[in-house]
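Values below: all heavy atoms of this structure, side chains included; hydrogens, waters and symmetry mates excluded.
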Amino acid sequence: MKLRYKSSRSTISLVLIIAIVLGFAIDLYKIQIRDNEYYTKQNNTVDTYTVPIEAARGEIVDRNGNSLVTNRQGNSIILNAVYFPSAKDNKQRNEIIYNLIKLFESNDEEFAQNLPLEYDKSGNIRFKRDGQNIEQDIETMKSADMLNLQHYATAQNCYDAVMEKYGIEGYDKITALKIGNIRYELTRLLFSYENPVTIADDVSDETVAKIKEDKNTYLGADVQVVAYREYVDGSIAPHILGTVRKINAEEYEEKKDDGYNITDQIGESGIEQAMESALKGTPGELTITVDKDGNITEEVTKKPIQGNTVVLTIDRDLQVIAQNKLKEVCDKVDSLSSAGAVVVEDCNNGEILAAASYPTYNLNDYYDKYDQLSKNSRNPLWSRFALGTYAPGSTFKPVTAAAALEAGTINSDTTYVCEGTKEFYGQPFKCLHGNAHGTENVRLALKDSCNMFFYNTALDTGIDKIDEYATAFGLGQKTGIEIAESSGILSSPDNRENAGGIWRIGDTMLTAIGMSDNLFTPLQLANYCSTLANGGTRYEVHLVKSVIEASSGIVNDKNKNAVDTMDLSQNTLDNIYQGMRMVATSGGPSLIYDQLSTNVACKTGTSEVIVNGIKRNNGFLITYAPYEKPEIAISSVVELAGSGSETAEMTAEIIKYWYQNNTDAKNNQKTGTLL
């Protein structure tokens, strides 16, 4: 038994030894023969780095495929950490940066200067005073990740910290600050092997040639071909298209897992911001390999994919007409003070065909003239059609008429006598301009804009019913448009009480004629007019018609979305339509509208404002066309215009283009467009 045990143990040991030797032999075979090339390469490799390749943003086009925002190729200068001296060698880094600054200045190139410090006229260092986010920039500079200073640190404290941190010595103070700017930029943008940093954008061919020819003087500097945002005409629809900017640190932290790099651009406003996920391209990858001898190889291992094309609902030519006519009317009213907006909407799907705000700006000037634009007292950056809120005046009266007719408090034959003025509950109220209109029914009251008729109607109908229909028409609430917009205010007891006020019966009367607390955007007025014109279906307003995928060419159309549908009777609609038609044929705008070959219906409005202690009026006009089968609705406001009729010329030009001068284009839009 003992011998058998020893024999068994020896056998097992022998088998184990053979297995181990065989295992080593197999591994040796794999390493030396089968995978020799792989392991040889690994042995020679010190490091491998992956650098993102920026992808161009998608283009933005109008409903007919006309380009509005595209890209062009240009050259930027980057610093690449693979070739640049290490952070331990401040002296050499600063010398190379100094050489680059001299080259940039000799060729009149702009370079990174995001350090929020500057010298005043007396030669004293101070914090910068101009800039879009200057307070945030100063706070970032003092943060633990940057200079690690207390929040109360002075500009001189910050300057001294920059000089010490980056070892900037032996240069005059102006040059030292310039070098500090670029060194700070490298820190701010997380300069590393995987993250080259751009220090100059859109440079000349001469600068490119110098850097490529003299690698030693500009060690670590390289030329990168970049897609720059280009506007076909920067004056067209700037408030719609919007702007882009460099991503900030907070946004980067939120979005880095979504493929964003610290040096990426991001949509800042308008469609650029709203459609960021569609417009942003997919970055590529550049793999950099450094072997044991310091040899560097680069290979594009993933090609970048441009962002998708966003197709807007606007018609470029109609947009230009709307902008030009709006400017013309505003300048005619008061070239120094007047402002306004106009919106054109498709009644049957909520598409915005044009939307203009005045004063305006040019996207090509936005970045260079931002400080000037932001300080302009007339607020050209402000989108009056989406963010401006106005008391709508008598353009609200069709809402009151709809509420009263549907509630049964008035009918087609109900009349009130207008004597021009009347006392209600001990308070005097007057009609428009104090005019006495005599006996008025709802149709005549809309034509004459008779306040007295609607005061009486409001008292019989009540504020709750008026607000119910105003809400259904979308007034005092956002329209759903993709870009930033105001919600406005719908005059109501609840809103008044929430603001700490008291609701009185007079407010119900004033609400009925578009006054009291009512404040609406031109977008809301256009959508309300569209809803009325199509018989009661309120669509979500939108600027994006479709998105064309860059990778596949697939067109993803945006479907129209009905937000609310009112069951308005034909009798209600007929009374309101006929009243609005009479405004167009015998009211203030008739002198203009009579010249059109397209029949329209409209409602004017005015609201009183006080400018420099003087009472003046803003003018409003809502219009739909054609009267027989509405297709488009237009709202317009001109600040300081005496009445809404003063905007009729602008509206008429828009209608004339759409139905007379645009016959071929309109047919194309309906039948065989790109979209």
A.B. asks: Donor-acceptor pair, distance only, cut-off 3.5 Å: does the side chain of Asn195 make one with the backbone of Leu190?
C.D. replies: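 Such a contact is found between Asn195 side chain and Leu190 backbone.
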
A.B. asks: Answer whether the closest heavy-atom distance between the side chains of Leu523 and Ile481 falls below 4.5 Å.
C.D. replies: yes

A.B. asks: What verdict does the side-chain contact (heavy atoms from CB on, under 4.5 Å) test give for Val547 and Thr309, after you've listed the backbone C-alpha separation in whole Å, the side-chain angles of each residue and the deciding distance to 0.1 Å?
C.D. replies: CA-CA 6 Å; Val547 175; Thr309 297; over 6 Å; no

A.B. asks: For Gly488, does its backbone N or O pair with a side-chain atom of Ser486 as donor and acceptor, under 3.5 Å?
C.D. replies: no

A.B. asks: What's the spacing between Leu79 CG and Ile97 CD1 if we round to 0.5 Å?
C.D. replies: 6.0 Å

A.B. asks: List for me each residue that meets side chain to side chain donor-acceptor pair (under 3.5 Å) alongside Thr263, sequence neighbours excluded, and say none if there are none.
C.D. replies: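 Once residues adjacent in sequence are excluded, the partners of Thr263 under the side chain to side chain donor-acceptor pair (under 3.5 Å) criterion are Asn261.
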
A.B. asks: Indicate whether the side chain of Ser552 and that of Glu549 have a donor and an acceptor atom separated by less than 3.5 Å.
C.D. replies: yes

A.B. asks: Asn66 side chain to Asp62 main-chain N or O, any donor-acceptor pair under 3.5 Å?
C.D. replies: no

A.B. asks: Can you tell me which residue among Glu230, Glu59, Arg57, Arg229 is in a side chain to side chain donor-acceptor pair (under 3.5 Å) with Asn71?
C.D. replies: Arg229

A.B. asks: With respect to Glu482, which candidate in His542, Lys558, Gln273 satisfies the side chain to side chain donor-acceptor pair (under 3.5 Å) definition?
C.D. replies: Lys558

A.B. asks: Would you give the length of the straight line joining atom NZ of Lys545 to atom OG1 of Thr313, rounded to the nearest 0.5 angstrom?
C.D. replies: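 The OG1 atom of Thr313 is 7.5 Å from NZ of Lys545, to the nearest 0.5 Å.
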
A.B. asks: If you round to the nearest 0.5 Å, how far is CD1 of Ile77 from CG of Asn75?
C.D. replies: 7.0 Å

A.B. asks: Is any side-chain heavy atom of Glu105 less than 4.5 Å from a side-chain heavy atom of Lys178?
C.D. replies: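 Counting from C-beta outward, Glu105 and Lys178 do come under 4.5 Å.
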
A.B. asks: Can you name the closest pair of heavy atoms from Asn349 and Glu351 and give their distance?
C.D. replies: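 Minimum heavy-atom contact is OD1-N, 2.9 Å.
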
A.B. asks: Nearest 0.5 Å, please: how far is CG in Asp137 from CZ in Arg188?
C.D. replies: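 One gets 7.5 Å once the value is rounded to the nearest 0.5 Å.
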
A.B. asks: Taking the side chain as every heavy atom from C-beta outward, state whether Ile548 and Ile554 have any atom pair closer than 4.5 Å.
C.D. replies: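 The answer is no; the side chains never approach within 4.5 Å.
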
A.B. asks: Give the minimum heavy-atom separation between Pro522 and Val637, together with the two atoms involved.
C.D. replies: CG-CG1, 3.8 Å

A.B. asks: Tell me if a side-chain donor or acceptor on Asp315 pairs with a main-chain N or O of Leu318 at a distance below 3.5 Å.
C.D. replies: yes

A.B. asks: Mind listing the closest non-hydrogen atom pair of Gly619 and Thr647 along with its distance?
C.D. replies: O-CG2, 4.2 Å

A.B. asks: Could you check whether any side-chain heavy atom of Pro589 comes within less than 4.5 Å of a side-chain heavy atom of Leu621, counting everything from C-beta outward?
C.D. replies: yes

A.B. asks: For the residue pair Tyr659 and Ile632, establish whether any side-chain heavy-atom pair is separated by less than 4.5 Å.
C.D. replies: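 When only atoms from C-beta onward are counted, Ile632 and Tyr659 do touch, with a gap below 4.5 Å.
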
A.B. asks: Under the side chain to side chain donor-acceptor pair (under 3.5 Å) test, which residues partner Asn107, sequence neighbours left out?
C.D. replies: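 Residues passing side chain to side chain donor-acceptor pair (under 3.5 Å) with Asn107: Thr207.
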
A.B. asks: Tell me, yes or no, whether the heavy-atom count around Asp108 atom CG, taken from other residues, nucleotides or ligands under 6.0 Å, exceeds 12.
C.D. replies: no

A.B. asks: Please answer whether the main-chain N or O of Asn527 pairs with a side-chain N or O of Glu345 as donor and acceptor at a distance below 3.5 Å.
C.D. replies: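 A pair under 3.5 Å: yes.
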
A.B. asks: Using 0.5 Å steps for rounding, measure from the CH2 atom of Trp382 to the OG atom of Ser374.
C.D. replies: 14.0 Å

A.B. asks: Taking the side chain as every heavy atom from C-beta outward, state whether Ile622 and Tyr528 have any atom pair closer than 4.5 Å.
C.D. replies: yes

A.B. asks: Judged by modelled atom types alone, do Ser357 and Ser383 share a side-chain donor-acceptor pair under 3.5 Å?
C.D. replies: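 Judged by distance alone, the side chains do not pair up.
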
A.B. asks: Could you tell me the separation between the SG atom of Cys330 and the NZ atom of Lys327, rounded to the nearest 0.5 Å?
C.D. replies: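 With rounding to 0.5 Å, SG (Cys330) is 9.5 Å from NZ (Lys327).
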
A.B. asks: Working note: Lys256 + Asp264, criterion salt bridge (charged side-chain N to carboxylate O under 4.0 Å, His left out); need CA distance, chi angles, decisive distance, verdict.
C.D. replies: CA-CA 10 Å; Lys256 62 183 179 182; Asp264 280 349; over 6 Å; no

A.B. asks: With side chains defined as the heavy atoms from C-beta onward, is the minimum distance between Pro238 and Tyr366 less than 4.5 Å?
C.D. replies: no

A.B. asks: Above 12 or not: heavy atoms from other molecules or residues under 6.0 Å from CD of Glu139?
C.D. replies: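 No, the 6.0 Å shell around CD holds no more than 12 heavy atoms from other groups.
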
A.B. asks: Only pairs at least two apart or in different chains count here, so list each ring pair (Phe, Tyr, Trp, His ring centres under 6.0 Å) that has a residue in residues 221-266.
C.D. replies: His239-Tyr361

A.B. asks: Look only at the side chain of Gln319 and the backbone of Ala355, and say whether a donor-acceptor pair between them is shorter than 3.5 Å.
C.D. replies: yes

A.B. asks: List in chain and number order the residues that pass ring-ring contact (aromatic ring centres under 6.0 Å, His included) with Phe127, two or more places apart in sequence or in another chain; answer none if no residue qualifies.
C.D. replies: none

A.B. asks: Taking only residues at least two apart or on different chains, which pairs with a member in residues 109-118 satisfy salt bridge (Lys or Arg N to Asp or Glu O under 4.0 Å)?
C.D. replies: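 For residues 109-118, and leaving out neighbouring residues, the salt bridge (Lys or Arg N to Asp or Glu O under 4.0 Å) pairs sorted by first residue read Glu118-Arg126.
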
A.B. asks: Which is it for Glu646 and Lys332 under the salt bridge (charged side-chain N to carboxylate O under 4.0 Å, His left out) test, yes or no, and what are the steps along the way?
C.D. replies: CA-CA 10 Å; Glu646 293 192 42; Lys332 186 185 297 184; over 6 Å; no

A.B. asks: Go through the steps to decide whether Ile483 and Ile271 satisfy the test side-chain contact (heavy atoms from CB on, under 4.5 Å), and finish with yes or no.
C.D. replies: CA-CA 6 Å; Ile483 64 176; Ile271 291 297; 4.2 Å; yes

A.B. asks: Please determine which of Ile247, Thr198, Val197, Ile199 meets the side chain to side chain contact (heavy atoms under 4.5 Å, CB included) test together with Leu189.
C.D. replies: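 Going through the options one by one, the only one that passes is Val197.
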
A.B. asks: Can a donor-acceptor pair be found, under 3.5 Å and without considering hydrogens, that links the side chain of Ser338 to the backbone of Ser335?
C.D. replies: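 Checking the backbone N and O of Ser335 against the side chain of Ser338, no donor-acceptor pair under 3.5 Å is found.
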
A.B. asks: Okay, side chain of Asn618, backbone of Ser607: is any donor-acceptor separation there less than 3.5 Å?
C.D. replies: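 Between the backbone of Ser607 and the side chain of Asn618 there is no qualifying donor-acceptor contact (under 3.5 Å).
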
A.B. asks: Considering residues at least two apart in sequence or located in another chain, which fulfil the ring-ring contact (aromatic ring centres under 6.0 Å, His included) criterion with Tyr358?
C.D. replies: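 ring-ring contact (aromatic ring centres under 6.0 Å, His included) list for Tyr358, sorted by chain: empty.
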
A.B. asks: Check whether Asn534 reaches the backbone of Cys347 with its side chain - one donor and one acceptor, N or O, closer than 3.5 Å.
C.D. replies: yes

A.B. asks: Please name the pair of heavy atoms, one in Lys128 and one in Ile134, separated by the smallest distance, quoted to 0.1 Å.
C.D. replies: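 Here Lys128 and Ile134 meet closest at O-CG1, 3.2 Å.
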
A.B. asks: Between Asn561 and Arg538, does the side-chain contact (heavy atoms from CB on, under 4.5 Å) criterion hold? Intermediate values first, please.
C.D. replies: CA-CA 9 Å; Asn561 179 29; Arg538 176 161 60 94; over 6 Å; no

A.B. asks: Quick check: are there more than 12 heavy atoms from other residues, nucleotides or ligands sitting under 6.0 Å from CD of Gln73?
C.D. replies: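 No.
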
A.B. asks: Do Glu540 and Thr479 make a side-chain contact, defined as non-hydrogen atoms from C-beta onward lying under 4.5 Å apart?
C.D. replies: no

A.B. asks: What are the two closest heavy atoms between Val343 and Phe385, and how far apart are they?
C.D. replies: CG2-CB, 3.7 Å

A.B. asks: side-chain contact (heavy atoms from CB on, under 4.5 Å) for Val244 and Ile266? Distances and angles first, verdict last.
C.D. replies: CA-CA 5 Å; Val244 295; Ile266 191 170; over 6 Å; no

A.B. asks: Do you know which two heavy atoms are closest between Gln265 and Glu276, and how far apart they sit?
C.D. replies: O-OE2, 4.2 Å

A.B. asks: Evaluate whether atom NZ of Lys210 has more than 12 neighbouring non-hydrogen atoms of other residues, nucleotides or ligands under 6.0 angstrom away.
C.D. replies: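 No.
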
A.B. asks: Does Lys102 NZ have over 12 foreign heavy atoms under 6.0 Å away?
C.D. replies: yes

A.B. asks: Is a donor on one side and an acceptor on the other found under 3.5 Å between the side chain of Asn248 and the backbone of Glu251?
C.D. replies: yes

